[in-house]
Amino acid sequence: MTPCPILQPSPAAFRQAADILRAGGLVAFPTETVYGLGGDAENPRAVAAIFAAKGRPSFNPLIVHVADTAAAKRLVVFDARAEKLAAAFWPGPLTLVLPRRSACPVAELASAGLPSLAVRVPAGAVAHDLLKACGKPLAAPSANPSGRVSPTTAAHVAAGLGDKIALILDGGPCRVGVESTVVGLLDRTARLLRPGGLAADAIEALIGPLAPPTEELHSPGMLASHYAPGRPVRLDATAARPGEALIAFGPGAAEGANVVNLSASGDLEEAAAGLFAALHALDRPEFAAIAVMPIPERGLGRAINDRLRRAARR
Ligand code: TXA
Ligand code: MG
């Protein structure tokens with residue numbers, strides 16, 4: 001595959017990047033912490049493409065980047081602590097995990113199905129200008145393949161993911177060089193979910209002591225309970241039994257009011273993009289269980305199956 005272009009920031013480069021992002025493509029961009037692998041957070045297909053490019057075998061919730069605090073408030077519910085921290089440290093290397101608004105337009109896959117969302121306003125002119133140019137919140141994990149170190153130059157990104165993305169914006173080496181500090185503000189106890197580029201002391205000076213994460217918040221991609229629908233989940237189904245809903249996959253599957261086909265064409269990125277919405281849609285008391293047809297164990301199918309197995313094990 002041809003390596004993707006690396007562009008220096010310019011009005012033309014931002015226009016090109018914004019066009020790619022609005023069309024559902026992926027653009028790597030510098031932040032003050034590390035380079036991010038960005039996609040339109042409101043587009044479930046773009047978010048699925050991020051997981052596919054990173055090659056992660058499970059869905060971890062992603063950080064959504066916005067241009068300013070006002071844009072963050074359109075996605076999540078702020079409390080007094082969030083107000084203080086945002087005023088003091090944004091733009092900067094701080095991520096806040098807050099409850100999603102009920103009308104939050106960000107794809108459920110970006111939250112990995114959770115009712116919370118991680119948001120931050122990155123510092124650095126390139127990230128800011130890109131967010132302004134595309135006018136969308138950008139989901140962006142660090143721009144490295146799963147299991148490799150986070151990239152702090154455009155060359156690192158090109159070496160790891162160059163064949164999987166459309167464009168890399170080059171902002172030079174990242175100033176901070178480690179990921180943002182992640183703070184969870186989901187109840188009265190503020191929690192340090194990931195130490196990072198902003199010292200915990202600075203945060204505690206404003207909102208008081210930070211507690212360690214609960215197991216659930218520590219590795220939110222890994223826990224069964226998050227994804228468990230209220231109904232039992234039956235895997236490897238060929239069809240729905242009486243009273244069951246069906247999550248179908250591939251051509252020729254049954255249709256009906258009790259069926260959601262994740263991808264009639266058998267496309268695993270399309271399937272991933274719709275997975276959490278399908279689970280929510282079929283998790284209704286009128287169904288005795290949710291039957292699920294087999295999903296191939298390759299590409300994003302591994303992450304989809306990981307999620308479904310956790311839901312079934314409950
Ligand atoms: O510096 C950074 O934060 C970089 C740059 C690109 O902004 N981004 C980054 O994103 O490191 P990512 O997706 O690799 O890290 C996301 C972190 C993970 O530790 C994840 O578990 C946590 O944030 N996280 C995201 N959403 C969460 C949620 N709803 N609940 C709990 N933790 C969450
Ligand atoms: Mg990372």
Side-chain angles (χ1 to χ4, degrees), residues 26-39 41 47 50-51 53-56 58-67 72 75-77 89-101 104 106-124 126-128 130-131 137-154 156-157 160-161 165 168-169 171 174-187 189-198 212-223 225-227 276:
L26 305 184
V27 171
F29 65 96
T31 77
E32 80 281 35
T33 59
V34 300
Y35 276 71
L37 173 59
V47 177
I50 293 174
F51 285 109
K54 285 195 62 109
R56 220 168 171 280
S58 62
F59 297 122
N60 217 21
L62 303 177
I63 296 172
V64 169
H65 299 67
V66 289
L75 309 180
V76 290
V77 182
F89 300 120
W90 279 354
L94 172 68
T95 293
L96 299 178
V97 176
L98 292 164
R100 287 174 69 111
R101 280 193 179 284
C104 178
V106 168
E108 287 187 71
L109 186 58
S111 292
L114 296 169
S116 57
L117 185 69
V119 290
R120 87 177 189 99
V121 178
V126 179
H128 182 80
L130 177 64
L131 286 162
L138 295 180
S142 52
N144 52 283
S146 178
R148 304 255 295 272
V149 292
S150 296
T152 56
T153 66
H156 295 165
V157 179
L161 290 176
I165 52 188
I168 301 172
L169 286 175
C174 299
R175 179 169 57 79
V176 175
V178 297
E179 282 95 340
S180 61
T181 302
V182 181
V183 173
L185 298 173
L186 296 174
D187 55 30
T189 309
R191 296 183 187 275
L192 179 62
L193 304 185
R194 179 178 74 183
L198 177 66
T214 59
E215 191 198 343
E216 191 167 296
L217 281 168
H218 186 61
S219 47
M222 303 308 286
L223 226 77
S225 61
H226 282 193
Y227 305 92
F276 292 109

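One-based numbering, in listed order, for ligands and for the atoms of each.
Contacts with ligand 1 closer than 4.0 Å are made by heavy atoms of both the backbone and the side chain of Glu179. Contacts of Ala140 with ligand 1, taken as heavy-atom pairs under 4.0 Å, involve the backbone alone.
No N or O atom of Thr31 sits closer than 3.5 Å to an N or O atom of ligand 1. Polar contact with ligand 1: absent for Tyr35 (N/O pair, distance under 3.5 Å). Between Thr95 and ligand 1, a contact under 3.5 Å exists for no N or O pair.
Between atom 16 (C) of ligand 1 and the options Asn60, Ile63, Val34, the minimum heavy-atom separation is to Ile63. Comparing heavy-atom distances from atom 25 (C) of ligand 1 across Ser146, Gly177, Ala110, Pro61 singles out Pro61 as nearest. Taking each of Pro93, Ser142, Pro151 in turn, the one with a heavy atom nearest to atom 14 (O) of ligand 1 proves to be Ser142.
Applying the side chain to side chain contact (heavy atoms under 4.5 Å, CB included) test between Pro99 and each of Leu114, Leu186, Val76 identifies Leu186 as the sole match. Evaluated for a side chain to side chain contact (heavy atoms under 4.5 Å, CB included) with Val157, the options Asn144, Leu169, Ile165, Leu37 yield exactly one hit, Ile165.
Judged by distance alone, the side chain of Ser146 and the main-chain N or O of Arg56 form no donor-acceptor pair under 3.5 Å. Remark: side-chain polar atoms of Lys54 are not paired, donor with acceptor, to backbone N or O of Ala143 under 3.5 angstrom. Checking side-chain atoms of Ser111 against main-chain N and O of Ser116 turns up a donor-acceptor pair under 3.5 Å. Counting only distance, with no hydrogens or angles, the side chain of Tyr35 and the backbone of Gly171 share a donor-acceptor pair below 3.5 Å. The backbone N or O of Gly124 sits nowhere less than 3.5 Å from a side-chain atom of Arg175 that would complete a donor-acceptor pair.
Atoms of ligand 1 lying under 4.0 Å from at least one heavy atom of Gly36, given by number and element, are 6 (C). Listed by number with element, the atoms of ligand 1 under 4.0 angstrom from any heavy atom of His65 are 5 (C), 6 (C), 7 (O). Annotation for ligand 1: atoms under 4.0 Å from non-hydrogen atoms of Val97 are 28 (C), 29 (N), 30 (N). Within the listing of ligand 1, atoms 28 (C), 29 (N), 30 (N) sit less than 4.0 angstrom from a heavy atom of Ser116. Annotation for ligand 1: atoms under 4.0 Å from non-hydrogen atoms of Leu114 are 29 (N). Set against the non-hydrogen atoms of Leu193, the atoms of ligand 1 under 4.0 Å away are 31 (C), 32 (N).
Remark: the Thr33 side chain and the Ser180 side chain contain no N/O donor-acceptor pair separated by less than 3.5 Å.
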Practice item. Tell me, with the steps shown, if Arg120 and Glu179 meet salt bridge (charged side-chain N to carboxylate O under 4.0 Å, His left out). Key: CA-CA 12 Å; Arg120 87 177 189 99; Glu179 282 95 340; over 6 Å; no

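Nearest heavy-atom pair across Leu192 and Pro213 is O-CD, 3.2 Å.
Among the atoms of Asn144, none of the N, O or S atoms falls under 2.8 Å from the Mg ion (ligand 2).
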